[in-house]
Amino acid sequence: MSSNVAYSLESAPQSTQDLPEEPRARPIPRVNIQAFCEDQDTASVIQKASEDRRLSKAHVTVQMGGVEAAVAFYRDASTPNLIVIESLLDRTEMLADLERLAEVCDAGTKVIAVGHVNDVVLYRELLRRGVSEYVVAPTGARS
C-alpha cells in the first residue's frame with residue numbers, strides 16, 4: 001500500500017456521523033406569489049414548481065399577459081408578497097415596463113423578473129432599481 005492510499009484511508013470519515021450534512025431546502029413560508037407570464041412554457045414551469053412540497057404554504061397563481069396584465073390588475077388591487085414577471089422585450093423596453101409596474105406596487109412587494117436576454121448590464125440595472133432577481137428563460141423545475 002502506498003503512503004498516499006494509507007493517508008487517504010486514515011483521513012476518511014469512519015462513520016456516516018462524521019460526514020457533513022447535505023444542505024436541506026427550507027420550506028417557503030406562508031406568502032402570496034403571483035406570476036404574470038408571456039410564454040406558456042414559463043407559465044407551465046412556474047405552475048409545476050408551485051406544486052413542490054416546499055411551497056405547500058405558499059399561495060401561487062399564474063396568469064398570462066406579462067407586465068401589461070400585472071399593471072392593469074394592480075391598479076385596483078393590492079400587490080402580493082412576490083410578483084414574478086416575464087418579459088420578452090429587450091433591455092430598454094423591459095426597464096420601461098417595470099417602471100410602470102413599480103408605480104402600482106405596494107411598498108414591500110418583491111419582484112423577480114424572467115427575461116429572454118442574457119445581459120449582465122440589464123441584470124445590474126434591474127437590481128439597482130429594486131428587482132430582487134433576474135432569471136434568464138428558459139427555466140426548468142428541478143425535483
Side-chain angles (χ1 to χ4, degrees), residues 4-143:
N4 282 346
V5 173
Y7 175 77
S8 296
L9 292 175
E10 290 171 12
S11 63
Q14 300 302 312
S15 72
T16 57
Q17 292 176 343
D18 296 335
L19 294 174
E21 283 189 43
E22 294 224 4
R24 293 186 183 163
R26 295 184 351 201
I28 302 296
R30 194 171 310 278
V31 295
N32 289 321
I33 303 169
Q34 292 181 328
F36 291 86
C37 301
E38 292 189 16
D39 181 81
Q40 187 59 49
D41 290 339
T42 303
S44 296
V45 167
I46 293 172
Q47 187 62 48
K48 180 174 167 99
S50 74
E51 296 165 4
D52 186 287
R53 65 177 170 71
R54 293 167 286 198
L55 285 168
S56 63
K57 292 183 181 177
H59 180 261
V60 181
T61 56
V62 180
Q63 301 174 44
M64 298 305 292
V67 174
E68 290 294 325
V71 170
F73 186 82
Y74 296 126
R75 276 193 189 116
D76 301 319
S78 61
T79 54
N81 306 99
L82 174 64
I83 300 172
V84 179
I85 292 290
E86 180 184 24
S87 177
L88 300 173
L89 303 174
D90 66 17
R91 179 189 318 156
T92 305
E93 294 172 309
M94 179 188 272
L95 291 171
D97 270 359
L98 288 172
E99 198 64 37
R100 290 184 316 120
L101 178 63
E103 293 171 4
V104 297
C105 279
D106 300 333
T109 296
K110 303 289 185 194
V111 175
I112 294 176
V114 177
H116 294 259
V117 180
N118 189 0
D119 180 348
V120 71
V121 174
L122 172 61
Y123 173 76
R124 289 178 181 158
E125 184 61 24
L126 289 170
L127 293 183
R128 189 183 74 71
R129 292 181 183 210
V131 171
S132 296
E133 189 59 66
Y134 176 67
V135 179
V136 180
T139 57
R142 295 190 310 171
S143 305

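No experiment lies behind these values; they were computed from the predicted model shown.
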How many angstroms lie between [atom1] in [X] and [atom2] in [Y], if you round to the nearest 0.5 Å?
X	Y	atom1	atom2	result
Leu88	Met94	CG	CE	8.5 Å
Ile46	Ile112	CD1	CD1	9.0 Å
Leu95	Leu126	CG	CG	5.5 Å
Gln40	Gln47	CD	CD	10.0 Å
Leu101	Ile83	CG	CD1	5.0 Å
Asp106	Thr79	CG	OG1	3.5 Å

Is there a side-chain contact (heavy atoms from CB on, under 4.5 Å) between Leu82 and Val31? Walk through the geometry before answering. CA-CA 8 Å; Leu82 174 64; Val31 295; 5.9 Å; no
May I ask you to decide if [Y]'s main-chain N or O and [X]'s side chain share a donor-acceptor pair within less than 3.5 Å?
X	Y	answer
Asn32	Asn81	no
Asp90	Glu93	yes
Ser87	Gly115	no
Glu86	Glu38	yes

Side chain proximity check, Ile85 to Leu98, heavy atoms < 4.5 angstrom: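 Yes, at least one pair of side-chain atoms sits under 4.5 Å.
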Does a sphere of radius 6.0 Å around CZ in Arg124 hold more than 12 heavy atoms from other residues, nucleotides or ligands, not counting ones at 6.0 Å or beyond?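 Incorrect, the count does not exceed 12.
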Can you give me the closest heavy-atom contact between [X] and [Y], atom names plus distance?
X	Y	result
Tyr134	His116	OH-N, 3.9 Å
Gly66	Phe36	O-CB, 3.4 Å
Tyr74	Pro80	OH-CD, 3.4 Å
Val62	Ala43	CG1-CB, 3.7 Å
Val114	Ala137	CG1-CB, 4.0 Å

Under the criterion side-chain contact (heavy atoms from CB on, under 4.5 Å), I'd like the reasoning laid out for Arg91 against Val117: C-alpha separation, chi angles, the key distance, then a yes or no. CA-CA 8 Å; Arg91 179 189 318 156; Val117 180; over 6 Å; no
Salt bridge between Glu133 and Lys110, side-chain N to carboxylate O under 4.0 Å? no
Quick test of your reading of the model: are Arg128 and Glu125 salt-bridged, counting only N-O distances below 4.0 Å?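 The answer is yes: the pair qualifies as a salt bridge.
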I would like to know whether Thr61 and Gln63 meet side-chain contact (heavy atoms from CB on, under 4.5 Å); could you show each step before the answer? CA-CA 7 Å; Thr61 56; Gln63 301 174 44; 4.3 Å; yes
